[in-house]
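Notes follow once the structure below has been shown.
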Amino acid sequence: MESRIKVLVVDDSAFMRKVITSMLESDPRLEVVGTARNGEDALKKRKTLAPDVMTLDVEMPVMDGIETLKRLMSENPLPIIIVSSTTKEGAENALTAMELGAVDFITKPSGPISLDLEKVRDLLIEKVASAPNVKLKPTSKKAPVVFRPLQQPVPFDKTIIVIGTSTGGPKALKQVLTKLPKDLPAPILIVQHMPAGFTESLANRLNSLCEIHVKEAEDGEIIRPGVAYIAPGGYHLETKRLGTSIALHLTKEEPRKGHRPSADVLFESVSALSSIYKVAVIMTGMGSDGTEGLEQLKRGSCYAIAESEQSCVVFGMPKVAIERKLVDEVTHLELIADSIVRQCKR
């Protein structure tokens, strides 16, 4: 029998420590080796208990989750899943934690002490069980760029860029979007797997850093070049013709492969737009979201870029698309923006 994944649960609420421990230990792959009531306690117990993964609350006395994360990542990193509230401040803290090196986050459904945490039980278990396989510090070495001949594109009068990403995506999006010029001649439609309430904070944060405009997508708005639209958490993002323009459409249709928003849904919708050149990008993330939609896109005029294994936090989504032979270029995260710009100039 394989050894179980050792988990340290950190939360200032004794009730939450008990609930999280019970949920994690219901999975035979996981073993909670200890709990801590604040960051200072967590740093001590990490040394004595040697956990493989840590779940970390953000709002705690003595030493909060952000300061704890900074200490852990600078001294001796380990995979950390942030447990955050769904408030605006909670969303900002979760994004800060991701930038500092946290693997992923989970939201408490109803505040710091959630009596209904059972709602996210399966998601929490999945994230914790997958965390030991995540690369904490991707190498900065540039991967070789791999090309396949592009099919002859059909005539087009516009270009649309679509991006799908999941675990590790906020940091990856920052790397790509901040390198794009303000006069980019194409709109960008983005699916980042996140719950409701977090994508607005992500869009605002990226907008403050980028030359292009970044915003959360709104139902019915007309897309414009030089603007990146992020699908709101809890909604699928689609496109539809509106005269000579293209508008965004948000739907509450069933999740695809457990995701809403779904990259597959976005890609499939964009594939139906004729006379438009599509640039599709699949970056770091667990699972295979985006591949089915990419199959639809490749039936028309589409150039597909996948992030290389060397820079992915999780080489899941890109790997599946590459294995299906749907990708024209495999490249390091640092070079994706250059590839996008090059395709927009075709």
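Since the model is a prediction, treat every value here as computed from it, not as a measurement.
Across every non-hydrogen atom of Ala280 and Leu294, the tightest pair is CB-CD1, 3.8 Å. Smallest separation of non-hydrogen atoms from Lys158 and Thr244: NZ-O, 2.8 Å. Closest approach of Ala91 to Phe198, counting heavy atoms only: CA-CE2, 3.3 Å. Listed here is the closest heavy atom pair of Ile82 and Ala97: CG1-CB, 3.5 Å. Here the shortest heavy-atom pairing between Glu218 and Leu248 reads O-CB, 3.8 Å. The two residues Arg324 and Glu295 have their closest heavy-atom pair at NH1-OE2, 2.8 Å.
Shown here are the side-chain hydrogen bond (donor to acceptor under 3.5 Å, both in side chains) partners of Lys127, two or more places apart in sequence or in another chain: Asp104. Partners of Glu211 by salt bridge (charged side-chain N to carboxylate O under 4.0 Å, His left out), not counting sequence neighbours: none found.
A cation-pi arrangement is present between Lys252 and Tyr235, with the terminal nitrogen or guanidinium carbon under 6.0 Å from the aromatic centre and inside a 45° cone about the axis.
Summarising the geometry, atom NZ belonging to Lys171 is positioned 9.5 Å from atom CE belonging to Met98; distances are rounded to the nearest 0.5 Å. To the nearest 0.5 Å, the span separating OG1 on Thr55 from CZ on Arg17 amounts to 11.0 Å. Atoms NZ and OG, on Lys257 and Ser262 in that order, are 7.0 Å from each other to the nearest 0.5 Å. In this structure, Phe105 CZ and Thr167 OG1 are separated by 10.0 Å, a value rounded to the nearest 0.5 Å. Atoms NE2 and SG, on His332 and Cys312 in that order, are 9.5 Å from each other to the nearest 0.5 Å. Distance check: Ser311 OG to Glu334 CD gives 8.0 Å after rounding to the nearest 0.5 Å.
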CA sep, side-chain torsions, deciding dist, call: Val103, Val314, side chain to side chain contact (heavy atoms under 4.5 Å, CB included): CA-CA 10 Å; Val103 168; Val314 178; 6.0 Å; no

Working note: Arg224 + Tyr229, criterion side chain to side chain contact (heavy atoms under 4.5 Å, CB included); need CA distance, chi angles, decisive distance, verdict. CA-CA 10 Å; Arg224 298 181 288 113; Tyr229 303 87; 3.9 Å; yes

Criterion side chain to side chain contact (heavy atoms under 4.5 Å, CB included) on Leu333 and Val176, from CA distance to verdict: CA-CA 7 Å; Leu333 178 63; Val176 173; 3.7 Å; yes

What's the verdict on side chain to side chain contact (heavy atoms under 4.5 Å, CB included) for Val10 and Lys45, showing C-alpha distance, side-chain angles and the deciding distance? CA-CA 10 Å; Val10 185; Lys45 290 185 175 176; over 6 Å; no

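More than 12 heavy atoms of other residues, nucleotides or ligands lie within 6.0 Å of NZ in Lys215, so this atom counts as buried by the packing criterion. Within 6.0 Å of atom CD in Glu40, 12 or fewer heavy atoms from other residues, nucleotides or ligands are found, so the atom counts as exposed in its surroundings. For Glu323, the CD atom sits in a packed shell: over 12 heavy atoms of surrounding residues, nucleotides or ligands are nearer than 6.0 Å.
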Donor-acceptor pairs under 3.5 Å, side chain of residues 62-70 to any protein atom, not counting sequence neighbours: which ones?
from	atom 1	to	atom 2	distance (Å)
Asp64	OD1	Ile66	N	3.2
Asp64	OD1	Glu67	N	2.9
Glu67	OE2	Arg71	NE	3.1
Thr68	OG1	Asp64	O	2.7

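If you check the side chains of Thr284 and Glu307, you find no donor sitting under 3.5 Å from an acceptor.
Placement of Val320 and Ile282 in two distinct hydrophobic clusters is found when ILVMFWY residues are connected by side-chain heavy-atom separations under 4.5 Å, directly or transitively. With hydrophobic clusters built from ILVMFWY side chains whose heavy atoms lie under 4.5 angstrom apart, Leu242 does not share a cluster with Leu250. One hydrophobic cluster, built from ILVMFWY side chains closer than 4.5 Å, cannot hold both Ile222 and Ile190; they sit in different ones.
Note on Lys47 versus Glu75: no salt bridge recorded, every NZ/NE/NH1/NH2 to OD/OE distance being 4.0 Å or above. Salt-bridge formation is detected for the pair Glu92/Arg205: a Lys NZ or Arg NE/NH1/NH2 atom is positioned less than 4.0 Å from an Asp or Glu carboxylate oxygen.
With respect to Gln343, the side chain to side chain contact (heavy atoms under 4.5 Å, CB included) criterion is satisfied by exactly one of Val279, Asp338, Val281: Val279. Residue Val270 is tested with Val265, Val162, Leu237 for a side chain to side chain contact (heavy atoms under 4.5 Å, CB included); the sole match is Val162.
Counting heavy atoms from C-beta on, the side chains of Cys344 and Leu184 come closer than 4.5 Å.
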